[in-house]
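One structure is given below, encoded as structure tokens.
Per chain, numbering begins at 1; letters A, B, ... match sequence-line order. What you see below is based on every heavy atom in this structure, not just the backbone, and it leaves out hydrogens, waters and symmetry mates.
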Amino acid sequence: MCGRYALSIEQQEMLEIYVANLFLDDWRSRYNIAPTQEAPVLVQKDGELGIRPFRWGLVPFWAKDPSIGNRMINARSETVAEKPSFRTAWKHGRRCLVLADAFYEWQKPASGKGPKTPHAIRLADERPFGLAGLWESWDGEGGELRTFTILTSEPNELLRPIHNRMPVILGDRDAWEAWVDPDVPPGELEELLGPYRPEEMQAYPVSTYVNNPGNEGEECLRRVPD
DNA sequence: CCAGACGTTGTT
DNA sequence: GTCTGG
DNA sequence: CCAGACGTTGTT
DNA sequence: GTCTGG
């Protein structure tokens, strides 16, 4: 699955890849983005790309209480078209690209007991990438709450020893451009929803510093010995 | 009919 | 909003 | 995902 | 053990 990720690169480098209007108050390197936090996502509206803050944890439009979003941080790509919480966003093309340059997965010890080891997973060339996301807008007392979830798939060969799920990575321009285009019918996108090419990725262990969502330093992303 | 859930991962 | 369970 | 709370009454 | 919050 994907329960934590990073977006550490500079704004300028991001905008060179994702040419878009910025609707953020500020840009800062994020090393430990956790569920319920706001994070930048790429969305297309009226043919224009925009980077906007959305809250991680999709709140369905029919929810009475937005805390339901705390559980909706991932959607299985295999079932996203059917699940009540996600299918409306899927059907209506409310797709977004969750901007990232690393994500974290926790590996259980071989013995089955003891602390898990967090790993950082990135592209081999360390370029940023997008994760396949769906978004919703929820009408609350405080106005519109915009939220997102991250789609998952089975793991590739790199991730399999670490975890049994991984987020859907849209690393190719053709892929993410189609994903964020609301006019592309969802049926044409299912081929994108598989595990990414493992030979273009790297994974390495990091410190348990990343475990606490309050720890937001670059230490989160630093390699430690096995 | 109404009430209550609506999710994923991992563990057993 | 829609489905499942009672 | 992990960390941290998990309760009530009464008082400020 | 399980739920909530970040």
State yes or no: do A:Val59 and A:Ile150 share one hydrophobic cluster built from I, L, V, M, F, W and Y residues joined by side-chain heavy-atom distances below 4.5 Å, directly or via other members? yes
Using atom P in both nucleotides, what's the gap between E:dT4 and D:dG7 to the nearest angstrom? 11 Å
With both distances under 3.5 angstrom, what nucleotide forms a Watson-Crick or G-U wobble pair with B:dG7? none
Which part of the nucleic acid does A:Thr79 contact within heavy-atom distance under 4.0 Å: base, sugar-phosphate only, or nothing? sugar-phosphate
Are more than 12 heavy atoms from other residues, nucleotides or ligands located less than 6.0 Å from atom CD of A:Glu82? yes
d(CH2, A:Trp90; C1', C:dG1) in whole Å: 20 Å
Regarding A:Arg165, tell me which of base, sugar-phosphate or nothing describes its non-hydrogen contacts under 4.0 Å with the strands shown. sugar-phosphate
Which of the following nucleotides, C:dG1, B:dT8, D:dC1, is nearest to the side chain of A:Lys83? B:dT8
Does the side chain of A:Thr152 pick up a donor-acceptor pair with the side chain of A:Arg165 at under 3.5 Å? yes
What nucleic acid atoms does A:Ala63 come within less than 4.0 Å of, heavy atoms only: base, sugar-phosphate, or nothing? nothing
Less than 4.0 angstrom from a charged side-chain N to a carboxylate O is my criterion; do A:Arg197 and A:Asp172 meet it? yes
Exactly one candidate in A:Phe103, A:Trp56, A:Tyr31 meets ring pair (Phe, Tyr, Trp, His ring centres under 6.0 Å) with A:Tyr5; the answer is A:Trp56
Using whole Å, what does the distance between atom C1' of nucleotide E:dG5 and atom CG of A:Asn32 come to? 14 Å
Base, sugar-phosphate, or nothing for A:Ile73, non-hydrogen atoms under 4.0 angstrom? base
Take atom CG of A:Asn215 and atom P of E:dG6, then tell me their distance rounded to the nearest Å. 16 Å
Write down the distance between NE2 (A:His119) and C1' (D:dC1), rounded to a whole number of angstrom. 14 Å
Can you tell me, in whole Å, how much space there is between the P of E:dG6 and that of B:dA5? 23 Å
Picking from D:dC2, C:dC3, B:dT8, which would you name as closest to the side chain of A:Phe86? B:dT8
Rounded to the Å, how far apart are A:Asn70 CG and B:dG7 P? 15 Å
Can you tell me the distance, in whole Å, between the CG atom of A:Asp65 and the C1' atom of B:dA5? 13 Å
Distance between C1' atoms of D:dT11 and B:dA3 (Å, rounded): 39 Å
Could you tell me the Watson-Crick or G-U partner of C:dG6, where both distances fall under 3.5 Å? Say none if there is no partner. B:dC1
Ignoring the backbone of A:Arg87, work out which of E:dG6, C:dT2, B:dC6 is nearest its side chain. C:dT2
5' priority, DNA chain B, between A:Trp62 and A:Thr152 [closest heavy atom]: A:Trp62
Using a 4.0 Å heavy-atom cut-off across all strands, classify A:Phe61 as base, sugar-phosphate, or nothing. sugar-phosphate
Decide whether A:Gln44 and A:Glu48 meet the rule of one side-chain donor and one side-chain acceptor closer than 3.5 Å. no
Just call it for A:Thr36: base, sugar-phosphate, or nothing, with non-hydrogen atoms closer than 4.0 Å on any strand. base
P spacing across the pair B:dT9 / D:dC1, given as an integer number of angstrom: 8 Å
Could you tell me how far E:dG5 sits from D:dT8 if I compare only their P atoms? Round to whole Å. 16 Å
Indicate whether OP1 or OP2 belonging to D:dA3 is found under 4.0 Å from a side-chain N or O atom of A:Asn211. yes
Would you tell me if any nitrogen or oxygen in the side chain of A:Arg76 comes within less than 4.0 Å of OP1 or OP2 on B:dT9? yes
A:Arg71 has an atom CZ; how far is it from atom P of B:dT9, in whole Å? 15 Å
Do A:Phe129 and A:Trp176 have ring centroids that are under 6.0 Å from one another? no
Please classify the nucleic acid contact of A:Arg55 as base, sugar-phosphate, or nothing, using heavy-atom distances under 4.0 Å. nothing
Length of the line joining A:Ile68:CD1 and B:dT8:P, which is rounded to integer Å: 12 Å
